[in-house]
Amino acid sequence: ILIPPLNDDQKMVAGMCRWIRKELGPDVPLHFSRFYPLYRLTNLPPTPVPALDRARETALEAGLNYVYVSRVPGHRAENTACANCGEIVIKRKGFFVDEFRLEKGRCPKCANPVPGRWA
């Protein structure tokens with residue numbers, strides 16, 4: 001959960017993303033979730049969508065292939081895109097899969113494998 005001004009520093013995000021890529025690999029999914037004020041943090045506003053977009057861009061620039069924005073209904077980055085050609089291969093609405101387009105774990109457009117366990 002990205003909570004400005006508590007953990008949205010772009011240098012920190014960039015360092016975390018470089019660590020993830022080096023230690024875990026470029027195909028590990030990373031989710032940047034929008035904060036909504038609840039319980040003891042009601043004094044803070046919701047995370048601005050541009051802050052989530054900046055964090056996602058930083059992660060992509062660090063070489064991560066599957067970076068998501070969550071808790072923003074209809075955001076393009078709630079979907080899974082092929083890391084090779086950018087084709088949307090899994091379309092979501094919130095936590096629900098709306099469209100699954102992988103063919104034997106591969107992108108239907110360029111046949112690039114998409115890491116995961118596909119039934």
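With values rounded to the nearest 0.5 angstrom, Lys91 atom NZ is found 10.0 Å from Arg76 atom CZ. The OG1 atom of Thr58 sits 7.5 Å away from atom CZ of Phe32, with the distance rounded to the nearest 0.5 Å.
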For a quick test of your reading: what N or O donor-acceptor pairs under 3.5 Å do the side chains of residues 41-54 make, sequence neighbours left out?
residue : atom : partner : partner atom : Å
Thr47   : OG1  : Leu2    : O            : 2.4
Thr47   : OG1  : Phe35   : N            : 2.9
Asp53   : OD1  : His75   : NE2          : 2.7

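Taking each heavy atom of Arg18 and Ala62 in turn, the nearest pair found is N-CB, 4.3 Å. Contact record, Ala83 with Asn112: N-ND2, 4.4 Å, taken as the closest heavy-atom pair.
Of the N and O atoms on the side chains of Thr80 and Tyr68, at least one donor lies less than 3.5 Å from an acceptor on the other residue.
Of the possible donor and acceptor atoms, one in the side chain of Arg101 sits under 3.5 Å from a partner among the backbone N and O of Ile88. Formation of a donor-acceptor pair under 3.5 Å by the Arg92 side chain with backbone atoms of Glu78 is found in this model. Using modelled atom types, one side-chain atom of Asn7 and one backbone atom of Ile1 make a donor-acceptor pair closer than 3.5 Å. Without hydrogens or angle criteria, Arg21 side chain to Leu64 main chain gives no donor-acceptor distance under 3.5 Å.
Residues Trp118 and Val28 fall into different hydrophobic clusters, defined by Ile, Leu, Val, Met, Phe, Trp and Tyr side chains chained together at heavy-atom separations under 4.5 Å. Hydrophobic clustering, with ILVMFWY side chains joined whenever heavy atoms are under 4.5 angstrom apart, keeps Ile20 apart from Tyr66. Val13 and Ile3 fall into different hydrophobic clusters, defined by Ile, Leu, Val, Met, Phe, Trp and Tyr side-chain heavy atoms under 4.5 Å apart, directly or through other members. Transitive grouping of hydrophobic side chains (ILVMFWY, heavy atoms separated by less than 4.5 Å) brings Met12 and Val67 into a common cluster. By the rule that hydrophobic residues join a cluster once side-chain heavy atoms approach within less than 4.5 Å of another member, Val72 and Leu30 end up as members of one cluster.
Contact annotation: the side chain of Cys107 never approaches that of Asn84 to less than 4.5 Å [non-hydrogen atoms, C-beta and beyond].
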